[in-house]
Amino acid sequence: MLNPKMEMELNKQINEELYSAYLYQSMAAYFAANNLNGFAKWMDVQDAEEVNHARKFYHFIIDRMGKVVLEAIEKPPAEWDSPLAAMEAAFKHEQHVTGRIHFLVDLAREVKDKATEVMLNWFVMEQVEEEASVDEYVQMLKMFGGKPQGLMMINREMGKREDD
């Protein structure tokens, strides 16, 4: 059985994960509108991954005899000043999600919920991967300084991403 505070925060995390999916789908649309289909594909895959994260929390709450409560998802931005600005926003968002996951781990420890803490360990490591993945493209974009050749190379590379 879940602690009521833990249950509430896990439900909030479902919303965070679904917002992440919504944000990345908005970014995919932004990139597609700017003929950066590799970036768009990368964001499409990222969107699906975030939905799967939400499902993990959803099923965990149910498995622990908790109640899933879905809330409205905030509207994400639709425009960015540049591909670099969009990727920097994605990186900042991943840092936010990392903070949320760490908060949940701390809460699980506080309420002595070992099962939730163990489940969250997967997310702790996932966030290391998420931040590193986005930061790699941020750094590449900075390195190429907006030069079209570099942008096209990165676009081609991002288009190779397959569903995880």
Side-chain angles (χ1 to χ4, degrees), residues 9-60 70-108 116-164:
E9 292 299 335
L10 291 173
N11 272 296
K12 284 182 185 177
Q13 192 61 33
I14 291 173
N15 188 274
E16 291 276 350
E17 300 294 339
L18 292 174
Y19 174 79
S20 297
Y22 216 34
L23 173 64
Y24 293 137
Q25 198 51 231
S26 184
M27 288 179 172
Y30 161 78
F31 287 126
N34 287 286
N35 297 311
L36 292 169
N37 294 323
F39 280 83
K41 182 180 179 197
W42 195 92
M43 287 297 175
D44 279 336
V45 174
Q46 194 65 21
D47 160 44
E49 190 173 287
E50 300 302 338
V51 170
N52 285 333
H53 293 171
R55 284 187 178 121
K56 284 181 188 232
F57 283 103
Y58 176 98
H59 289 292
F60 182 79
L70 300 176
E71 299 288 344
I73 302 168
E74 182 182 340
K75 180 182 175 181
E79 292 290 328
W80 290 267
D81 291 336
S82 66
L84 173 59
M87 293 305 291
E88 286 176 327
F91 181 69
K92 183 176 179 184
H93 180 73
E94 288 300 337
Q95 289 177 314
H96 165 75
V97 173
T98 297
R100 279 283 309 160
I101 297 297
H102 291 177
F103 166 77
L104 291 171
V105 169
D106 291 343
L107 179 60
T116 300
E117 184 179 350
V118 169
M119 182 274 295
L120 289 169
N121 285 336
W122 183 89
F123 283 97
V124 169
M125 297 313 298
E126 176 68 5
Q127 283 309 119
V128 171
E129 179 187 315
E130 297 281 358
E131 285 189 28
S133 177
V134 177
D135 186 52
E136 177 182 3
Y137 290 111
V138 168
Q139 297 312 315
M140 279 190 218
L141 286 163
K142 286 180 178 179
M143 187 180 352
F144 288 116
K147 292 185 179 122
Q149 303 90 330
L151 189 61
M152 292 301 104
M153 185 185 82
I154 296 167
N155 185 60
R156 189 171 30 255
E157 178 68 25
M158 291 179 89
K160 294 177 185 175
R161 184 176 184 193
E162 298 295 327
D163 291 339
D164 297 333

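In this text, all values refer to a predicted model and were calculated from it rather than measured experimentally.
In this structure the side chain of Glu16 reaches within 4.5 angstrom of the side chain of His96, judged on heavy atoms. Using a 4.5 Å heavy-atom threshold, the side chains of Glu74 and Tyr22 count as separate. Side-chain contact between Met43 and Leu23 is absent, with no heavy atoms from C-beta onward closer than 4.5 Å.
A distance of 8.5 Å separates CE in Met140 from CE in Met158, rounded to the nearest 0.5 Å. Remark: Met27 CE to Asp47 CG distance equals 12.0 Å, nearest 0.5 Å. With rounding to the nearest 0.5 Å, the separation of CZ in Phe60 from CH2 in Trp122 is 13.5 Å. Put simply, CG on Leu120 and CD on Glu117 are 8.0 Å apart, with the number rounded to the nearest 0.5 Å. Once rounded to the nearest 0.5 Å, the distance linking CG of Leu141 with CZ of Phe39 reads 4.5 Å. We find the CZ-CD distance between Phe103 and Glu9 to be 4.0 Å, quoted to the nearest 0.5 Å.
For His59, the side-chain contact (heavy atoms from CB on, under 4.5 Å) partners at least two apart in sequence or on another chain are Arg55. Checked against side-chain contact (heavy atoms from CB on, under 4.5 Å), Met152 has the following partners two or more places apart in sequence or in another chain: Leu36. With sequence neighbours excluded, no residue forms a side chain to side chain donor-acceptor pair (under 3.5 Å) with His102. For Glu131, the side chain to side chain donor-acceptor pair (under 3.5 Å) partners at least two apart in sequence or on another chain are Thr98. By the side chain to side chain donor-acceptor pair (under 3.5 Å) test, Gln95 pairs with no residue at all, sequence neighbours left out. Remark: Asp106 pairs with no residue by the side chain to side chain donor-acceptor pair (under 3.5 Å) rule, at least two apart or across chains. In this structure Leu70 satisfies the side-chain contact (heavy atoms from CB on, under 4.5 Å) test together with Ile14, Val68, sequence neighbours excluded.
A side chain to side chain donor-acceptor pair (under 3.5 Å) check over residues 29-45, counting only residues at least two apart or in different chains, returns the pairs Gln25-Asp44. The side chain to side chain donor-acceptor pair (under 3.5 Å) analysis of residues 134-155, with sequence neighbours excluded, yields the pairs Asp135-Gln139. Within the structure, salt bridge (Lys or Arg N to Asp or Glu O under 4.0 Å) pairs that include any residue of residues 17-27 do not occur (at least two apart or interchain). Residue pairs that meet the salt bridge (Lys or Arg N to Asp or Glu O under 4.0 Å) test with at least one member in residues 30-40, sequence neighbours left out, do not exist here.
For CE of Met153, the number of neighbouring non-hydrogen atoms (other residues, nucleotides, ligands) closer than 6.0 Å is greater than 12. Heavy-atom neighbours of Phe144 CZ from other residues, nucleotides or ligands within 6.0 Å: above the threshold of 12.
Considering every non-hydrogen atom in both Val45 and Glu162, the closest pair reads CG1-O, 3.6 Å. Summarising the geometry of Asn15 relative to Ala72, their closest heavy-atom pair is ND2-O, 2.9 Å, with the distance given to 0.1 Å.
Using a 4.0 Å cut-off between charged side-chain N and carboxylate O, Glu126 and Lys56 make no salt bridge.
Looking at Gln46 and Glu50, their side chains do bring a donor and an acceptor atom within 3.5 Å of each other.
With hydrogens and angles disregarded, no donor-acceptor distance shorter than 3.5 Å links the side chain of Glu94 to the backbone of Gln127.
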Could you pull out all donor-acceptor pairs under 3.5 Å where a side-chain atom in residues 76-92 meets a protein atom, sequence neighbours excluded?
| unit_1 | atom_1 | unit_2 | atom_2 | d |
| --- | --- | --- | --- | --- |
| Ser82 | OG | Leu84 | N | 3.4 |
| Ser82 | OG | Ala85 | N | 3.0 |

